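This report concerns only the one structure given below.
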Amino acid sequence: MKTLLTERVGIQHPIIQAPLAGGGDTPALVAAVCEAGALGSIGATYLAPQQIVETCAAVRAATQRPFGINLFVPEASLPDDIAMGTAVARVAPFYKELGLPPPEPPPYAARDFDAQLDAVLDGGASVFSFTFGMLPSAARERVKARGLMLAGTATTVDEAIALERAGIDMVVAQGSEAGGHRGSFAGPIDAVAFERGMIGTLALVPQIVDAVRVPVIASGGIMDGRGIAAALALGAVGAQLGTAFLTCEEAGVPDVYKQAILEAHEDQTRITRAFSGRPARGIINRFMRDVEAPWWPHQFSILPFPLQNALTRPLRAAAAKQGRAEFLSLWAGQGIRMARRMKAADLVAALVEETDAAIQRMSGQAR
Ligand SMILES: Cc1cc2nc3c(=O)[nH]c(=O)nc-3n(C[C@H](O)[C@H](O)[C@H](O)COP(=O)(O)O)c2cc1C
């Protein structure tokens, strides 16, 4: 199946394993996806520069095929006077329940984005994608000068147009079904903007395809070949799947997380700020329910990203060790019932076969 994506990146199938920041996308997963003819991606945002170097080297040692890498754009600076007390107190009982010492207000240490980018550019990836906004122009130029393809994430047509105007090579259209963080960035980033950017993949992809000339990749709720065929029918050049790859044997998330995905239904995820401070879709669990309980004033009890992420990190790490899914950020999309436990190579092979079958069915029905 040839599309602009397969031709430009040099892969066999128009399928991308989404970057899965937080440990899902182990080098073993990324390399297995690449070896199977799709594009594996490293979500490098939470990795220190040296870890990025090592992760890329591990992928390169296992495959010579093209792979992708992804960073969140640098965060806007936060005000100095954020009141931490209520948010810290809100999570303290959960710390206690997991046997941790009481939480401290998280220090705000800005990521060294430039050092991360240096490591990314030396890592040997073919595609650099970003989310949460517009990559600064100096960074865009550096990525292009090194010959990587540049892909940005859009949740609305306006965001896609802004990316195209900035010279981005491909747009990842992220529908509201998507698991993980929302990439919304146009306009003031408040709750209303995130709500406005909640557009389903089926509606979003063709409207972005109509509005920009650059190739569009569909993302959000795509779990099998039917979804990939649908994305191609809507005008996308490929599909980016996150949740589908999380239950692969090579994926690095805790087993209780994989199990939760395999057991959950399409009505059991929602968008939450409880874990990171930025809206993201995950399986509803006790931590989400308690921290966002309707009687609790969230504006004081949840810190802005990335502070809330830092505040809940020890909790999530302890929960992973103890196998307590009720305290994990179980990022997953609405196609969750279609998740399957497989080796990554088998999943890619199944996706390819199902896509072919779906396309044949469509053309058979059309005749
Ligand atoms: C666990 C997890 C981590 C993710 N991390 C990233 C990331 O680091 N960068 C990014 O651009 N998107 C990230 N995403 C979002 C994916 O790129 C994609 O939009 C989403 O997975 C598509 O929806 P699906 O999960 O229904 O396939 C993540 C998604 C999940 C589920």
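Just so you know, ligand 1 is whichever comes first in the structure, and atom 1 is the first atom listed for that ligand. Computed from a predicted structure; not experimentally measured.
No donor-acceptor pair under 3.5 Å is formed between the side chain of Glu97 and the backbone N or O of Pro93. Looking only at distances, no side-chain donor or acceptor of Thr63 sits under 3.5 Å from a matching main-chain atom of Val59.
Listed by number with element, the atoms of ligand 1 under 4.0 angstrom from any heavy atom of Gly221 are 23 (O), 24 (P), 26 (O). Every atom of ligand 1 is numbered from 1 in the order shown, and the set under 4.0 Å from a heavy atom of Leu241 is 27 (O). Distances below 4.0 Å separate heavy atoms of Gly333 from the following atoms of ligand 1: 26 (O).
The shell of residues lying under 4.0 angstrom from ligand 1, judged by heavy atoms, includes Phe72. Within the structure, ligand 1 has Leu20 among the residues with a heavy atom less than 4.0 angstrom away. Heavy atoms of Gly220 come nearer than 4.0 angstrom to ligand 1 in at least one pair.
Of the N or O atoms in Ala178, none lie within a sub-3.5 Å distance of an N or O in ligand 1. Geometrically, ligand 1 and Thr153 share no nitrogen or oxygen pair separated by less than 3.5 Å. Residue-to-ligand polar distances keep Gly180 apart from ligand 1: every N/O pair is separated by 3.5 Å or more. For His181, no nitrogen or oxygen atom sits less than 3.5 Å from a nitrogen or oxygen atom of ligand 1, counting backbone and side chain alike. Residue Asn70 has at least one N or O atom closer than 3.5 Å to an N or O atom of ligand 1. Polar contact check, Gln174 against ligand 1: a nitrogen or oxygen pair lies under 3.5 Å apart.
We find that Arg111 and Glu75 are joined by a salt bridge, their nearest charged nitrogen and carboxylate oxygen being less than 4.0 Å apart. Comment: Arg146 engages Asp122 in a salt bridge, judged by a side-chain N to carboxylate O separation of less than 4.0 angstrom. Under a 4.0 Å N-O distance rule, the pair Glu195/Arg182 does not qualify as a salt bridge. Ion pairing of Arg8 with Asp169 is absent here, as no side-chain N (NZ or NE/NH1/NH2) approaches a carboxylate O to less than 4.0 Å.
In this structure, Phe72 has its ring center no closer than 6.0 Å to that of Phe113.
Legend: residues meeting side-chain contact (heavy atoms from CB on, under 4.5 Å) with Gln207, ordered by chain and number and at least two apart, are Val157, Ala203.
The proximity of Phe132 to ligand 1, defined as any non-hydrogen pair under 4.0 Å, does not occur for either the backbone or the side chain.
Side-chain heavy atoms closer than 4.5 Å link hydrophobic residues (I, L, V, M, F, W, Y) into clusters, and following such links, even through other members, never connects Val237 to Met362.
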